[in-house]
Protein chains: 2
Amino acid sequence: MTGRPRIKDIALKLGLSAATVSRALADNDLVAEATRSRVRDAAQALNYRPDVRARNLRTRKSMAALLVVRDVGNPFYLDILKGVEATAREAGYSILMGNTENDPDREAEYFDMLRDGHADGMILMTGKLPSRGAQAETLPAALPVVVALELIEDCPFPHVQIDNAAAARTAVRHLIGLGHRRVAHISGPEPEMMSVLRHRGYREAMVEAELEIPAGYEQRGDYQLESGQRACRALFELPEPPSAIFVANDEMAFGAIHELRRLGLDVPADVSIVGFDDLYLSKAFFPPLTTVCQPRQEIGRAAMGILLRMLGGGGRPTAPMVIPTSLRIRGSTAPYRPQLRSSRGHHP
Amino acid sequence: MTGRPRIKDIALKLGLSAATVSRALADNDLVAEATRSRVRDAAQALNYRPDVRARNLRTRKSMAALLVVRDVGNPFYLDILKGVEATAREAGYSILMGNTENDPDREAEYFDMLRDGHADGMILMTGKLPSRGAQAETLPAALPVVVALELIEDCPFPHVQIDNAAAARTAVRHLIGLGHRRVAHISGPEPEMMSVLRHRGYREAMVEAELEIPAGYEQRGDYQLESGQRACRALFELPEPPSAIFVANDEMAFGAIHELRRLGLDVPADVSIVGFDDLYLSKAFFPPLTTVCQPRQEIGRAAMGILLRMLGGGGRPTAPMVIPTSLRIRGSTAPYRPQLRSSRGHHP
DNA sequence: CTGAAAGCGCTAACAT
DNA sequence: ATGTTAGCGCTTTCAG
């Protein structure tokens, strides 16, 4: 009884061969039920657990999936992770975290980890494929990769996404429906699909309502708090500032609301704000943020589900999977009132 | 050229033995520099990458660390994950996510994964050891486990922690220093060490200032938003409500502020609030939350650092490692003003 | 139904 | 400085 038990310890103890024990532990029908139960008992008694490394080598699997994001520190990914983790564990898979921080080397590295056998499959949420590295040209479309959240154009892998443009339209229509005509937009960084689509949705809704977009009404941020603040300041330095802003994510929306408060403007009395994401704390914000809810946990579940099917040899879906979003109307939007702006600013 | 190259493909191509190639790839000094570079080139040319499964089996390692939390969906763990991930990757380790949801079976399962060889070490942030399962009594103290964040009493593993009681004292002293005498506390669930210690700190600061704690001034929550709201409501149903509250985490503090707003009370004019954690969005809240900042990323770094040292055979630290906290004074606290409470409630 | 034998791809001990 | 040999612990043919 030295060290942990091996499969052959059980075999020896029971007078069986290692092969039979292995089969028995796998609950293989070829093994007599009586033998199976003897093996189970012995395994229990010896406190046996198979060595996954040996099994992995033999079966050419790792029973792990890589979840690759731009920034593990971003609260946005949390619910996705939750969904992915839950679905993975139900199927006996573990989750390996990948973090690129937009570094192309790392992006390539995670593809390498797939080849290495570190993981059996990968969920990519970085919005890009590796542009450099050995495999840049050779990315086999058959790789078990699912792209989620941030779409990638001209990409051979299955996608799980939301309809960003449609969601943005809905958000802007909500503002227009409240009587707002001077509606501005704070977008994300624009080469990225996600930002482009949300921006496009904004424009479409404005065109549809025959509203013009004055110069300076389209500000660009980087999805971070401070950029929302900056963009908002720029909007209110315009000769004719907006009465409503559609902000491309909640975090920048918080920044914008902050700035408005600094300017002595009230949300929603003076300015209405719609965000995008419905972060965990958005409903707890003051005012509670009206925002587009994307069901992140479901996105995670769906992505992992597709990956599992691919790994099980079930084939890949042909069309992208689109998860529906919904607009959560809360306290940061209100009907347009053409009144003079209040000027009871906290910080004059 | 069928399938991915193996080590022996390189050996064959170069007329070397597999062993030499292996050594060369490991940059072993025993191999002639010339040979090493030939091997490197060949590996590059063939786009060779070692199969980690085979290596793992042979070396009895997995180069992965398990990070086990109560709830992967909790934003609180984000920065920890970030710190852990960064430190791990610097050392060539990957991070496997573990999620217990307070399920004792799962808690035990992750210890099993350690034995299985799924991971080489584990960072435990669940505040408990498995109480059941095969290994409950047999937990070898030598296991490469680091306990972080949520301490565990009578636990043989190294700890990385903050001084919760001291931090709580500092927070409450801040309130008392502002002239508050009716200071209440909303705690976390109390069998848990973290909650107990923060609660203790509150009491110590009160005693130290010779302030009494009226009946009902110690409310218990569960670290979730709604419980903060409920607890706050209870406080303001007391005959003599507090003028300041020390809340055991930011999330409940948000809930409390929400409730105060509902009651028509202003923070900080009527009631001062101090939280604990300094979440990502706490500074963006309105009012910006005064709170205890625990440097979560550093905690993550430190924990992973200790684990790496243990895995490297460097031995375990004897004393718990204590990471300093700091009080971030922001807009949710203000000097006590014995005025009548404003009654411009939004919801009468 | 069970056993014997082979081997996954790598590294490490032991040669030379 | 390199090669030979021997496994790591498991699963899976192939035989019986």
Side-chain angles (χ1 to χ4, degrees), chain A residues 2-40 42-43 46-64 92 112-120, chain B residues 2-40 42-43 46-63 92 112-120 313:
Chain A
T2 156
R4 24 176 326 198
R6 306 284 159 217
I7 217 168
K8 74 164 172 231
D9 296 324
I10 301 186
L12 232 58
K13 180 176 173 184
L14 262 44
L16 290 168
S17 73
T20 304
V21 173
S22 172
R23 281 187 284 244
L25 289 170
D27 222 24
N28 190 322
D29 283 333
L30 290 176
V31 179
E33 174 51 43
T35 314
R36 267 185 272 174
S37 96
R38 279 173 65 217
V39 170
R40 265 195 300 270
L46 291 177
N47 194 11
Y48 169 81
R49 305 213 92 219
D51 184 315
V52 296
R53 290 171 292 227
R55 170 183 293 170
N56 286 347
L57 173 57
R58 180 63 232 231
T59 59
R60 321 249 54 201
K61 289 191 187 182
S62 69
M63 295 307 276
D112 284 341
M113 285 182 68
L114 222 54
R115 301 196 327 140
D116 291 350
H118 253 112
D120 298 333
Chain B
T2 157
R4 25 177 324 199
R6 305 287 157 214
I7 217 169
K8 75 166 169 224
D9 296 324
I10 301 186
L12 232 59
K13 181 175 172 186
L14 262 45
L16 290 168
S17 73
T20 304
V21 174
S22 172
R23 281 187 285 245
L25 289 170
D27 223 23
N28 190 321
D29 283 334
L30 290 176
V31 178
E33 174 51 42
T35 316
R36 267 185 273 174
S37 95
R38 279 172 64 216
V39 169
R40 265 195 300 271
L46 291 176
N47 194 12
Y48 168 81
R49 303 214 94 216
D51 184 314
V52 294
R53 290 171 293 227
R55 171 184 293 170
N56 286 347
L57 174 58
R58 180 64 234 227
T59 59
R60 323 248 54 206
K61 289 193 188 181
S62 69
M63 296 306 277
D112 285 340
M113 285 181 69
L114 223 53
R115 299 198 327 141
D116 291 351
H118 253 113
D120 297 334

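When reading the values below, keep in mind they use all heavy atoms of this one structure, side chains included, and skip hydrogens, waters and symmetry mates. Throughout, protein chains are lettered first and strands after them, A, B, ... in sequence-line order, and every chain is numbered starting at 1.
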- Kindly write out the residues that satisfy side-chain hydrogen bond (donor to acceptor under 3.5 Å, both in side chains) with B:Asp120, not counting sequence neighbours, or none if the list is empty.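 With neighbours one apart ignored, the set is B:Ser62.
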
- Please work out if A:Gly15 contacts a base, only the sugar-phosphate, or nothing of the nucleic acid, heavy-atom cut-off 4.0 Å.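 It contacts sugar-phosphate atoms only.
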
In Å and rounded to the nearest 0.5 Å, what is the [atom1] to [atom2] distance from [X] to [Y]?
X	Y	atom1	atom2	answer
A:Arg55	B:Asp116	CZ	CG	8.5 Å
B:Arg4	B:Arg49	CZ	CZ	8.5 Å
A:Asn28	A:Thr20	CG	OG1	10.0 Å
A:Leu16	A:Ile7	CG	CD1	11.0 Å

Are the side chains of [Y] and [X] in contact, using a 4.5 Å heavy-atom criterion?
X	Y	answer
A:Arg53	A:Asn56	no
B:Met63	B:Val52	no
B:Leu14	B:Val21	no

- Axial bend angle, the helix from C:dC1-D:dG16 to C:dT16-D:dA1: five-pair end segments, nearest 10°: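 About 40°, once rounded to a multiple of 10°.
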
Pairing residues for [X] by the side-chain contact (heavy atoms from CB on, under 4.5 Å) criterion, not counting sequence neighbours:
X	result
A:Ala43	A:Ile10, A:Leu25, A:Tyr48
A:Ala54	A:Asp51, B:Leu57
B:Ala19	B:Ser17, B:Arg23
B:Arg40	B:Asp27, B:Glu33, B:Arg36, B:Ser37

- Query: Taking protein heavy atoms under 4.0 Å as touching, what does nucleotides 6-16 of chain D look like 5' to 3' if B marks base contact, S marks sugar-phosphate-only contact and - marks none?
  - Reply: BBBBBBBB---

- Message: Quick check on contacts: within residues 26-35 of chain A, what sits under 4.0 Å from DNA chain D by heavy-atom distance?
- Response: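 Those residues whose heavy atoms fall under 4.0 Å from DNA chain D, taken from residues 26-35 of chain A, amount to none.
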
- Task: On DNA chain C, reading 5' to 3', which nucleotide is the first and which the last to sit with an atom under 4.0 Å from a heavy atom of chain B, could you check?
- Result: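 Result: C:dG9 to C:dA13.
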
